[in-house]
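Please read these numbers as outputs of a predicted model, since none were measured by experiment.
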Amino acid sequence: MSEGFMNLLSVCWKPFASGNETGAASGVNGNYNGDGDDFEKDGLLWYRDIGKYSGGEYSMAVVQANQVLEDQSQIESGPFGTFVGVYDGHGGPDVARYVCDNLFRNFQARSTEDYGVVTPDTIRNAFLETENGFTAVVSELFNTRPSIATVGSCCLVGVVYQQTLFIANLGDSRVVLGKKVGNTGGMAAIQLSSEHNANLEEVRHELKNLHPHDPQIVALKHGVWRVKGIIQVSRSIGDVYMKHSEYNTEQILPKFRLPEATVMPILSATPSILTHDIQPSDSFLIFASDGLWEHMSNEEAVEIVHNNPRAGIAKRLVKAALHEAAKKREMRYSDLRKIDKRVRRHFHDDITVIVLFLNYDQITRGSSNNAPNVSLRSALEH
């Protein structure tokens with residue numbers, strides 16, 4: 001293959017820093033250079049009401065609950081496709097930030113190696129390369145900062161390539177498709193992502209099959225099923241103390257420490273991947289961290305998107321979840337808004353929502369000189 005053509009593919013998949021729409025600049029390994037100027041702000045809520053990408057329009061919003069925002073997200077779009085990522089960190093922001101810095105970079109590198117073609121293996125290998133990269137970071141920092149071994153992130157990715165949608169997931173974030181029901185005017189809610197949470201019976205069954213000699217691979221604690229009694233998700237980037245025994249030492253906090261050495265990794269970084277041929281009846285996709293789904297069903301979310309204007313729809317979904325969180329605590333939304341970060345975590349989680357509207361005609365036309373280039377990331381330093 002000629003060097004010129006390889007360079008062309010690399011340009012087509014890179015984050016666009018000078019296109020029609022750009023997001024805040026970001027560096028490698030969490031070194032963030034932007035301040036979220038591409039988002040409007042309402043208290044702890046950041047949002048982008050409406051924007052255009054190569055296959056239609058999008059809306060994006062994030063609300064903070066933790067002292068440091070642990071959710072990260074991004075949209076990358078150009079003539080050759082669209083990449084959407086929602087990264088829900090736990091134990092700290094480090095892994096979610098690392099994933100936001102590196103997963104798309106790894107994906108575009110893999111795609112270039114495959115001559116611009118995207119397959120499930122392209123995405124799977126990008127996930128595993130990102131996992132290996134963060135494990136190397138832990139190896140470098142562990143002696144001076146052992147807590148880095150106990151930080152992790154769920155990872156939900158959608159890729160629109162030509163007329164194919166790929167959904168890849170680790171953990172319990174979720175993407176739901178809004179699909180038109182014939183000529184009825186109705187909209188069906190179809191969950192496209194597989195979740196990896198020990199509260200699901202099939203996940204517990206999978207873990208027990210993978211670890212037949214460990215009767216404590218899942219344990220019920222305070223009414224919640226957890227892997228080794230510690231963590232709810234069974235797949236993630238990071239959480240290396242659950243994957244490599246050399247990091248399960250007295251240097252990490254006792255609440256994370258496993259009583260025995262791990263013979264094989266307990267958690268996995270291999271995503272579940274679904275491939276979906278985009279249809280004219282496919283109207284929109286709702287990508288969201290589990291903070292949204294704790295307060296809203298798939299059907300409720302699809303109904304809100306279907307029955308309201310596109311502009312500001314991600315913000316509307318976040319606010320609907322916050323209203324429900326307030327209601328559960330017998331308080332008003334206006335009172336919840338006054339509660340500061342960190343304390344807010346007792347009422348709801350960080351919540352990220354990206355709504356991607358699908359314009360079938362634009363998607364089937366493919367590359368267009370008028371297609372907007374997008375490189376947008378939620379601000380890291382909230």
With Phe107 as partner, the option from Phe166, Phe127, Phe83 fulfilling ring-ring contact (aromatic ring centres under 6.0 Å, His included) is Phe83
Would you please name every residue forming a side-chain contact (heavy atoms from CB on, under 4.5 Å) with His205, sequence neighbours left out? Asn209
Against Val227, only a single residue in Asp239, Ile266, Val203 fulfils side-chain contact (heavy atoms from CB on, under 4.5 Å); can you say which? Ile266
Checking side-chain hydrogen bond (donor to acceptor under 3.5 Å, both in side chains) for the pair Asn298/Gln191: CA distance, chi angles, key distance, verdict? CA-CA 7 Å; Asn298 296 347; Gln191 183 172 327; 3.1 Å; yes
Can you give me the closest heavy-atom contact between Ser378 and Val62, atom names plus distance? CB-CG1, 4.4 Å
Using a 3.5 Å distance criterion without hydrogens, assess whether the side chain of Arg174 forms a donor-acceptor pair with backbone atoms of Ser193. no
May I ask you to establish whether Arg310 and Phe357 are in a cation-pi arrangement, using a distance under 6.0 Å from NZ or CZ to the six-membered ring centre and at most 45° from the ring axis? yes
Value for CG (Asp172) from CD (Glu195), rounded to nearest 0.5 Å, stands at 6.0 Å
Measure the spacing between CD of Glu57 and CD1 of Ile313 and express it to the nearest 0.5 Å. 12.0 Å
Hydrophobic clustering (ILVMFWY, side-chain heavy atoms < 4.5 Å, transitive) - are Phe134 and Ile252 grouped together? yes
Judged by modelled atom types alone, do Lys180 and Ser283 share a side-chain donor-acceptor pair under 3.5 Å? no
CG/Asn197 to CG/Asp290 distance, rounded to the nearest 0.5 angstrom? 8.0 Å
Side chains of Ser289 and Asp71 only: does a donor on one sit below 3.5 Å from an acceptor on the other? yes
In this structure, would Val224 and Phe256 fall into the same cluster of hydrophobic residues linked by side-chain contacts under 4.5 Å? no
Do any N or O atoms from the side chain of Asn359 and from the backbone of Asp361 form a donor-acceptor pair under 3.5 angstrom? yes
For Phe39, does the six-membered ring have the charged nitrogen or CZ of Arg48 within the cation-pi criterion, i.e. under 6.0 angstrom from the centroid and within 45° of the normal? no
Atom pair NZ (Lys341) and CG (Asn66), whose distance is rounded to the nearest 0.5 Å: 10.5 Å
Check whether any side-chain heavy atom of Asn143 sits under 4.5 Å from a side-chain heavy atom of Gln251, and report yes or no. yes
Heavy-atom closest pair, residues Gly43 and Arg337: N-NH2, 4.3 Å
Pair Lys328, His295: side-chain N/O donor-acceptor within cut-off below 3.5 Å: yes
Just by distance, with hydrogens left out, do Thr122 and Thr119 show a side-chain donor and acceptor under 3.5 Å apart? yes
Taking the side chain as everything from C-beta on, heavy atoms only, tell me whether Thr150 gets closer than 4.5 Å to Leu253. no
Where do Glu76 and Gln74 land on the side-chain hydrogen bond (donor to acceptor under 3.5 Å, both in side chains) test, with the steps shown first? CA-CA 7 Å; Glu76 306 285 347; Gln74 67 185 133; 3.2 Å; yes
Pair Thr82, Ser77: side-chain N/O donor-acceptor within cut-off below 3.5 Å: yes
For the residue pair Asn169 / Ser272, report whether a side-chain donor-acceptor contact shorter than 3.5 Å exists. no
